[in-house]
Amino acid sequence: MDVTLAIIEIILALGFIAISGRIKKYPSNKWRLLYIAPGLLTIIIMSFIPWNIGVIGLYIAPVIMAMGLFSENDKVKRCIAGGAAAVALLTLINISINPGYNRLDLYGDFEEVFASMKKHYILTEEKGIDWDKLYKEYKPKFKEADKKQDLTMNYQIWQQYAQEFYDGHVGYTPNKLNENQALSVMCESYGNDYGLSLIKLSTGEYAAVNVEGCGMSYSINDKDDIGEVEYSKIKDEYKTENADAERLTLVNAGIKNGTIITKWDGKAIDDYFDDIPFYYFQVPVKENEEFYQPMYVAGMGGDSVEISFLDESGEEKTVTAPKLGAYAPRLDNTITSIDKGVKMTNLTWESLSEDTVMIRIYSMAYDMNTYDGADYSEMTNKLREEVLAYKEAGIKNIVFDLRSNSGGSPFMVQGVAQLFAPEGEHSTYYSAEINEDTATFERGADGKYKMGEEAVSYYGEDLWHDGQIILLVNAQTVSAGDDMVYMMGDFPNVKVMGTTKSNNSCQAVQGMEISTGQFAFSVVPNLTEDGEIAIDTLTDHESRVPFDEYIPMDEELITAIFDNGEDYILKYAAESF
């Protein structure tokens, strides 16, 4: 866009040279509008371009052109316009050949984020963070990325750095890259697509899922995305020359959804786990991390991999699987197929059987008016009416579909929880004492944060005393989603279940703007009544919120999800009552 503007300014300046005589010959106030047009055009276009000292000439050239208004001499007007053209031309040359122009300060981003986190990250002790060790390890990595101006390397290093914290609220989003750049960075970061993904079964074996050419599985030829990222816009750029001809290699060899995979390039699947450099999203709980690891192994390899599997007779066979393209789209689709909740409006209900209903909550947000406040009484009153109506109609069971709940307001969580909590007063979190001079939270001699204001409390109404509730969660149920599991998980009539436990990240978060996007981390602690950090995992990476039952990863689940496209997980939860 900056190059386009420079060319436009040069053309306009040359135009002023050409018409300088006509302006004197045909005097009119309308010429004034023409002279200020370059300035207005520049303001509009430059509002979409980040400030850079290298483009200052594009601001100066329109000002020079406008000065032509104040001269009656043709030669002077032409000289002024020529000067503007020269400034715009020099700017165009600069932004075209200057290696320093548009150079992103990738190393400076790291220095800024690291310094801020070292001062304000509030889980240093709880997560066992060694800042000196981190700095020593990541400083040369970011310097290398900065030297090469390598956006893919930069993304990968940020992902590795974020993973050091085992905190779902620590993460990097490359949202300042243009869409194709961001998608390319992702495609280049998660390995190669060999036509399948992998999951670990409840039996401990590893099975193929999302196999190219099987049932409702992802396909390299899909034009629509069934995932969180719109890879369809660029994924064809990563397809290999023979991808279409080779895409059914696995199916033709006898591999289908649910086939047991015994080796990957001659090694056991779990031998690769230590080589996984980073994950698609942060997974603080060790058991959750183990759930996703096989999916990442399926992207590891070169132009082809040797996949060993058990055929229908139980005999081990091996097939050479060629690279078909980038693995990121299939990985994204695999995770989404397992983790997605019901796609419907937030806080809406659906009947699952004659005595069971489901309410979908994918975000702890009611509307824009209430999100930044604490008053969710309108939402609570509406839900109360709906709950009582279902109770009157004879409904016995409620499934809260909290799968991939992205979080939001803890006050909304309280507004829901109060309807189902046992009668009486319930406390949520305590705040920590802050030192106004240092803008940091104070710890006592025992290493714990000093308790601040008393916890917010709410009164339970126990409207569902005689009914049962299931909270359906997964590793992407995070933040205020974790809050709901924490608050409601121990109610007498509540069971928490899912393919994985919830994310276990609860502290308030802040985002920092950097040159390529945003980096976020936990900055405000939430404390329990004994002064401990609430919910977040500690150095053992163990879950600290209620969880009751894993949904089995078995052939029935694989067939339903990847062959038939069914929401098996919700069905399992509903039938488990």
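Lys571 and Glu556 are not joined by a salt bridge, as no carboxylate oxygen comes within less than 4.0 angstrom of a charged side-chain nitrogen. Salt-bridge formation is detected for the pair Asp311/Lys317: a Lys NZ or Arg NE/NH1/NH2 atom is positioned less than 4.0 Å from an Asp or Glu carboxylate oxygen. With salt bridges taken as basic N to acidic carboxylate O contacts below 4.0 Å, none links Lys235 and Asp193. With salt bridges taken as basic N to acidic carboxylate O contacts below 4.0 Å, none links Glu290 and Lys200.
Aromatic ring orientation, Tyr161 versus Phe165: perpendicular (interplanar angle above 60°, classes split at 30° and 60°). Using the six-membered ring where Trp is involved, Tyr135 and Phe114 have ring planes that are tilted, between 30° and 60° apart. Ring geometry for Tyr449 versus Phe441: interplanar angle over 60°, hence perpendicular rather than tilted (30 to 60°).
For the residue pair Gln507/Asp536, the side-chain donor-acceptor check at 3.5 Å is satisfied. Side-chain atoms of Glu287 and Tyr550 include a donor-acceptor pair closer than 3.5 Å. With no hydrogens or angles considered, a side-chain donor-acceptor pair links Ser189 and Gln156 at under 3.5 Å. There is a side-chain donor-acceptor pair under 3.5 Å between Ser232 and Asp225. Asp167 and Tyr121 share a side-chain donor-acceptor pair at under 3.5 Å. Counted by atom type alone, Asn210 and Ser337 present zero donor-acceptor pairs between their side chains at under 3.5 Å. For the 3.5 Å distance criterion, the side chains of Lys501 and Thr477 fail to qualify, holding no donor opposite an acceptor. Ser505 and Ser479 form no side-chain donor-acceptor contact under 3.5 Å, judged by distance and modelled atom types alone.
With Phe278 as the partner, the ring pair (Phe, Tyr, Trp, His ring centres under 6.0 Å) test is satisfied by one option alone out of Tyr190, Tyr172, Tyr292, Trp158: Tyr190.
Annotation: the span from Phe577 atom CZ to Thr356 atom OG1 amounts to 5.5 Å, rounded to 0.5 Å. The CG atom of Leu347 sits 10.0 Å away from the OG1 atom of Thr345 when rounded to the nearest 0.5 Å. Going from atom CG of Leu402 over to atom CG of Asn474 covers 9.0 Å, rounded to the nearest 0.5 Å. Note that the CZ atom of Phe291 and the CD1 atom of Ile199 stand 6.5 Å from one another [nearest 0.5 Å]. Atom CZ of Arg330 and atom OG of Ser219 lie 7.0 Å apart (nearest 0.5 Å).
Judged by a 6.0 Å distance limit and a 45° cone about the ring axis, Lys141 is positioned over the six-membered ring of Tyr138. A cation-pi contact, defined as under 6.0 Å to the ring centre and within 45° of the axis, links Lys267 to Tyr272.
At least one donor-acceptor pair closer than 3.5 Å links the side chain of Asn504 to the backbone N or O of Arg544.
Across all non-hydrogen atoms, the minimal contact from Gln160 to Pro277 is CG-O, 3.5 Å.
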